[in-house]
Amino acid sequence: MYFLDDYSGIFVRYDLKRERGEARAVAAEDEVMQNVIQCVVEGDTDNIGAVVRKALETKDPMDVINALVKGMNEVSRLWDEGVYYLPQTILSSDAMLEGIEICEEKMGKALAKKGVVITHTAEGDIHDLGQKIANALLRANGYQVIDLGKDVPVDDVVAAVKQHKPAMVTGTALMTTTMTAFERISKRLVREGISLPFVCGGGAVSEEYVTSFDLGIWGKDASQAPLMAADAVSGKDWRQMREKWNG
Amino acid sequence: MAKYTSMAYKSADEMVFGTAKYPVKYGRDFVAGGGFVYPELVPHPRPGSEESKKSLVREYEKMVNDALERCVQIGLPGLQIELEHVYQMTRHPDWGGEIAAATKRIMDDYYQKYGLKSAIRATPADYRKPDEENIRDGDALKNILATFEASAAAGADNLSIESMGGKEITDYAIVRQDIRGVLFGIGVLGSRDVEFLWKKIVEIANKYGATPGGETDCAQANVAMFMAGGFLDKSVPHTFAAICRAIAAPRTLVAYEQGAKGPTKDCGYEDTIIKAIAGIPISMEGKTCACAHSDLLGNLVAAVCDLWSNEAVEYHDMFGGTTAAVFTEILGYDVALMNTAIKMGKAKDLRDMMINSDKYRDTHGFILSPDNAYEIGKAIVSNAESYYSRARAAAIKAAELMRGDARLLLSDFEKEVLESTYKTLLSLPDKEDDFIAECIPIYQKHVRGFKPANYGL
């Protein structure tokens with residue numbers, strides 16, 4: 001086989017020319033809390049339990065939760081700046097949620113959530129990784145996620161919306177021939193007099209298609225889910241959200 | 001279970017597009033890997049056409065006819081069409097069967113009128129849900145097998161699948177950069193499921209005189225590759241995705257150990273490694289599948305292909321005709337160039353141009369460059385004690401190749417990921433039993449619905 005010595009001009013690695021941000025030390029008032037923050041920033045799911053339990057020996061659970069959230073905020077910054085990739089963010093989210101669960105046990109009650117979001121993957125579609133990522137990011141941002149799973153019949157989505165009255169519902173699909181369930185869900189909800197943002201995305205799901213039916217807002221990728229949920233919880237209706245996120 | 005312990009080719013340089021050690025003949029005078037590259041078109045129906053059997057059959061009739069007509073219009077010698085099932089075609093086995101029958105009728109007609117060589121690959125959808133059902137004895141499996149039967153009985157020449165075993169673990173692991181989980185999901189569970197499924201597919205193919213065709217780790221390794229994306233994406237590190245691909249090779253190889261003959265499934269980017277080991281014809285996709293997804297090895301991946309595919313294109317009108325016709329033409333000219341190079345005795349020159357285009361563009365092209373793919377293949381056949389041992393060996397070899405070639409440019413972050421992944425791989429148990437015993441409690445805790453019994457564990 002013949003190999004060139006010089007590959008210049010055949011391709012350009014623009015990514016190597018970009019400057020990357022850097023991790024900043026996030027300070028806490030003492031070592032115990034610093035360890036809590038550090039575990040979240042490093043996505044250390046092996047040690048978060050022990051570190052949080054140690055902190056709870058001397059600290060108020062709400063203060064520990066605030067430290068966990070502080071760590072996650074730093075992770076969000078690092079992701080936004082391109083220092084962290086998705087896996088680092090997911091691991092940090094796992095660590096934070098595990099820590100919060102331990103604090104909630106200590107408090108004897110669950111932390112108030114920002115709002116309820118129902119997520120599902122379309123009927124006939126078993127490709128639910130995008131949904132799982134959205135679930136993790138929504139939970140990490142303080143939302144209660146009702147995960148209906150994959151291959152979910154239209155009737156089940158409509159019934160869940162009626163039962164849980166979420167601020168927002170999401171649908172994921174890989175194939176164009178399964179995404180047609182979204183339009184059927186939209187029609188059913190409208191017929192039932194229900195109006196809420198219905199964020200649809202994944203694979204071959206296009207903005208043109210999702211914005212062709214009532215309630216539909218196209219989600220480009222799972223990372224948008226928490227920001228969209230914030231809009232829904234703040235009272236923006238589906239038309240306002242579509243105007244903001246699509247077009 | 002018997003495993004490959006030697007390479008089909010004496011060296012990487014022996015491999016070239018159009019020729020496989022073990023060509024496969026089926027369909028209407030169609031030979032894959034017999035000294036000639038054929039196009040493989042994968043048309044996809046429009047949303048809404050799946051609403052009824054009648055509308056879906058009609059959609060396929062139009063797509064197939066448009067493709068074959070274009071072959072005749074521009075003088076293409078032959079074409080394979082893949083019926084890559086949308087969910088409804090497998091959920092209702094008679095739909096899949098009827099579409100295969102309609103495709104055969106049209107192909108027979110073109111063969112009789114014009115002598116156009118052609119073949120049908122039927123690929124039922126594996127819609128089993130490992131975390132929700134018994135995947136070895138559930139309704140989904142029954143429908144999938146019934147659809148294979150209906151398709152073969154109706155005239156499908158080649159039976160293939162993109163199986164899902166292990167995906168519940170791999171989905172969890174890929175987004176956490178957990179190489180142990182990927183090895184378990186793809187290397188162990190995936191391999192065991194491919195073995196289980198392909199025994200049945202080969203039986204059905206033999207019953208109807210069809211060819212047991214190909215497998216792909218689309219559901220797992222392609223997820224890693226697509227999430228890794230381009231140079232601006234920050235979802236999955238590219239070095240990690242490349243190691244996932246190396247792990248996929250011994251898993252997909254199981255299908256051929258069970259009796260599949262090829263050509264392999266087009267979206268199995270691991271197929272270059274498969275060809276080096278098994279010598280079967282491979283179908284590949286690259287630049288001409290940009291209609292379906294982007295990749296960073298658009299030319300390189302054609303270097304040793306025997307069929308050349310577009311992955312999937314939805315049926316629509318374009319200025320130059322329908323997408324079925326247009327992509328048939330694009331694929332047709334792609335392979336015409338390769339076949340011309342073969343005729344002129346320049347096949348290896350063109351192959352090397354393809355390789356040099358993309359070998360150092362990114363990690364996937366690097367490990368799938370035939371020279372490196374061959375080295376990964378050697379690691380697989382030299383570590384055939386278990387599915388786990390050869391998957392781990394493939395992963396370690398891929399990591400070592402990336403670590404050892406300074407011309408592969410990596411960001412600092414990618415270097416860190418590569419080093420930490422390599423270190424983890426070296427620290428894992430040597431024995432499969434020990435590895436499985438380590439993994440089961442971990443992933444039962446973290447992955448809701450994971451059932452070892454689905455994999456005979």
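Just so it is clear: chains get the letters A, B, ... in the order the sequence lines come, proteins before strands, and each one is counted from 1.
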* Structure fact -> Filtered by a 4.5 Å non-hydrogen cutoff, the part of residues 150-158 of chain A contacting chain B is K150(A), D151(A)

* **For chain B, which residues of residues 139-146 of chain A have heavy atoms nearer than 4.5 angstrom** => none

* Side chains of Y7(A) and N356(B): do they bring a donor and an acceptor to under 3.5 Å? -> yes

* To do: Measure from the side-chain N and O atoms of D352(B) to the backbone N and O of Y2(A), and report whether any donor-acceptor pair falls under 3.5 Å.
  => yes

Under 4.5 Å from a heavy atom of chain A, the part of [X] involved:
X       : answer
R46(B)  : backbone
R128(B) : backbone
I355(B) : side chain
E314(B) : side chain
V223(B) : side chain
D233(B) : backbone
M164(B) : side chain
R91(B)  : neither
H293(B) : neither

* **ring pair (Phe, Tyr, Trp, His ring centres under 6.0 Å) partners for F240(B), two or more places apart** => none

* Euclidean distance, M353(B) CE relative to L4(A) CG, rounded to 0.5 Å -> 10.0 Å

* Can you tell me how far CZ of F226(B) sits from CG of L174(A), rounded to the nearest 0.5 angstrom? -> 9.0 Å

* Structure fact -> Under 4.5 Å to a heavy atom of chain B? For E183(A) that would be neither

* Structure fact -> Taken in chain and number order and not counting sequence neighbours, the residues that satisfy side chain to side chain donor-acceptor pair (under 3.5 Å) with D147(A) are Q131(A), N135(A), R448(B)

